[in-house]
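What's counted below: heavy atoms across the whole structure, side chains too, no hydrogens, waters or symmetry copies.
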Amino acid sequence: MTLRTITSQTYPIIRSWTETARLRTHQRDGVTLAYTQSGSGKPPLVFLHGWAGDHTTFTPQIDHFSQTHRTIAVDLRGHGQSDKPEQSYTVVGFADDIAWLCSHLGVTKPVIVGHSMGGNIALELAARYPELPAAIILLDTVVFPLPGLKENVLLPVEATLHGPAYREGIRQAIEGLFLPTDDQACKARLMECAATTPQHVALSTFQNHLINYDASEFAAACRVPVAYIAATNPMADLARFRSLCPQLVTSQVMQAGHFAPLVASDQINAVIDRFLAIKVA
């Protein structure tokens, strides 16, 4: 068994997103933000999880990259062990939190790696804080939705998040992001853990990074190297992305769904290693 084999024995931390392992915290304006930090070496890597997730989405990446890099993985506000105040949860707000945390921790010129919603945050961070990142990597982020995705998939999910069956809506949304060939035990764990996300957080984050969000301004303003790693079934219009952000480079994993950082970590880690060697050396 290797570190890249995704099983509950190899990565017990992903059994439950409520577990803590080496979590540290800092308070920003009275709101506790939790994160893990390990390893050393440049460039530092900052990992940002997606909707209804937490830092354990990146357990294989933390294990791999902390051997050679300072590695930080954050529980975004409203998620994991971070505080979950009653408020609007926006991409701008998340980006501000990450910029603040990097400054507080003395993290300079990090590579920001964002999965799903975390990729939206990484792109916004690069546009709003151009001096901060050395580069950004987006993992299957719905940065420019493909035709029909919003109407046929996203809006029906949003409707369920308004009602009393919102937890089932979260479960179904997560289930639809897996391929039949993906690890089914991993899928079951993520479905149940995602369903613990408070309704006000799940709804606000979903609306503000998928329904009401236009990445055009931030893609055009981004000047740092950008990589996009798509799942087997792409969800983003990468041609449009590249037309606004010509430095974009892309890759795609084989036979892995949206949660490729967990179910195809060998592919994800290899692509990130290659990008770092070529674009951030």
Side-chain angles (χ1 to χ4, degrees), residues 6 8 11-21 23 32-36 45-63 71-84 89-91 93-95 97-98 101 112-125 137-143 154 157 161 166-167 169-178 182-183 185-210 213 229 231 235 256-265 268:
I6 305 301
S8 59
Y11 289 113
I13 190 173
I14 65 174
R15 287 195 303 251
S16 171
W17 287 350
T18 61
E19 294 180 15
T20 61
L23 279 174
T32 296
L33 301 176
Y35 64 97
T36 66
L45 305 179
V46 177
F47 291 94
L48 309 178
H49 63 80
W51 177 73
D54 79 348
H55 72 279
T56 61
T57 299
F58 291 109
T59 299
Q61 287 68 51
I62 295 169
D63 285 351
T71 303
I72 295 163
V74 181
D75 281 357
L76 297 170
R77 178 187 297 245
H79 299 77
Q81 295 301 306
S82 291
D83 284 347
K84 305 166 181 63
Y89 288 83
T90 66
V91 177
F94 288 132
D97 277 347
I98 300 306
L101 186 62
I112 310 292
V113 184
H115 174 248
S116 193
M117 181 178 74
N120 298 98
I121 300 166
L123 185 61
E124 181 114 19
L125 195 69
I137 302 172
L138 286 64
L139 307 181
D140 209 36
T141 296
V142 188
V143 65
L154 302 181
V157 171
L161 297 178
Y166 76 94
R167 294 189 191 277
I170 295 175
R171 292 187 185 96
Q172 291 176 1
I174 298 297
E175 182 177 26
L177 296 171
F178 279 80
D182 288 338
D183 186 313
C186 178
K187 179 176 76 172
R189 286 193 299 272
L190 294 185
M191 286 171 60
E192 290 310 307
C193 292
T196 66
T197 306
Q199 185 174 19
H200 70 281
V201 177
L203 176 59
S204 183
T205 52
F206 195 89
Q207 290 175 324
N208 287 322
H209 92 279
L210 288 172
Y213 188 73
I229 308 174
M235 294 191 291
H258 184 64
F259 287 92
L262 285 170
V263 302
S265 61
I268 294 293

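- The OG1 atom of Thr36 sits 4.0 Å away from atom CD1 of Ile62, with the distance rounded to the nearest 0.5 Å.
- For Ala188, the side chain to side chain contact (heavy atoms under 4.5 Å, CB included) test picks out no residue, with sequence neighbours left out.
- Of all non-hydrogen atoms in Pro198 and Lys84, the two that sit nearest each other are CG-CD, 3.7 Å.
- Distance CG/Leu48 to CD1/Ile137: 11.5 Å, rounded to 0.5 Å.
- The two residues His49 and Thr57 make their nearest non-hydrogen contact at CB-OG1, 4.1 Å.
- Closest non-hydrogen pair, Gly257 versus Asp182, comes out as N-OD2, 3.1 Å.
- Judged by distance alone, the side chain of Thr71 and the main-chain N or O of Leu45 form no donor-acceptor pair under 3.5 Å.
- A search for side chain to side chain contact (heavy atoms under 4.5 Å, CB included) contacts involving Glu192 returns Arg171, not counting sequence neighbours.
- Gln61 has its side chain within reach of Ile268: a pair of non-hydrogen atoms, C-beta onward, lies under 4.5 Å apart.
- Residue Leu23 holds its CG atom at 12.0 Å from OG1 of Thr32, rounded to the nearest 0.5 Å.
- Of all heavy-atom pairs between Ile170 and Ala202, the closest is CD1-CB, 3.8 Å.
- Looking at residues two or more places apart in sequence or on another chain, you find a ring pair (Phe, Tyr, Trp, His ring centres under 6.0 Å) between Phe47 and Phe58.
- Among all heavy-atom pairs drawn from Asp54 and Gly80, the shortest one is CB-CA, 3.9 Å.
- Taking Asp97 as the reference, Arg28, Arg77 meet the side-chain hydrogen bond (donor to acceptor under 3.5 Å, both in side chains) condition, with sequence neighbours excluded.
- Considering Val74, Leu76, Asp75 in turn, Asp75 is the only one that fulfils the side chain to side chain contact (heavy atoms under 4.5 Å, CB included) rule with His55.
- Side-chain atoms of Ser265 never come within 3.5 Å of backbone atoms of Leu262 as a donor-acceptor pair (strictly under, hydrogens ignored).
- Using a 4.5 Å cut-off on side-chain heavy atoms (C-beta onward), His209 and Phe94 make no contact.
- For Tyr89, there are no side-chain hydrogen bond (donor to acceptor under 3.5 Å, both in side chains) partners two or more places apart in sequence or in a different chain.
- The shortest heavy-atom contact between Cys186 and Val263 is SG-CG1, 4.2 Å.
- The side chain to side chain contact (heavy atoms under 4.5 Å, CB included) check on Ala231 picks up Asp140, with sequence neighbours excluded.
- In this structure, a donor-acceptor pair under 3.5 Å is absent between the side chains of Ser116 and Trp51.
- By the side-chain hydrogen bond (donor to acceptor under 3.5 Å, both in side chains) test, Thr90 is found to be paired with no residue, residues two or more places apart in sequence or in another chain being considered.
- Under the side-chain hydrogen bond (donor to acceptor under 3.5 Å, both in side chains) criterion, Tyr166 pairs with no residue at all, not counting sequence neighbours.
- Leu154 meets the side chain to side chain contact (heavy atoms under 4.5 Å, CB included) test with Leu149, Lys150, Phe206, Leu210, Ile211; sequence neighbours excluded.
- Taken to the nearest 0.5 Å, the CE atom of Met191 stands 8.0 Å off from the CD atom of Gln172.
- Put simply, CG on Asn120 and CG on Leu125 are 12.5 Å apart, with the number rounded to the nearest 0.5 Å.
- Partners of His115 under the ring pair (Phe, Tyr, Trp, His ring centres under 6.0 Å) rule, at least two apart in sequence or in another chain, are His258, Phe259.
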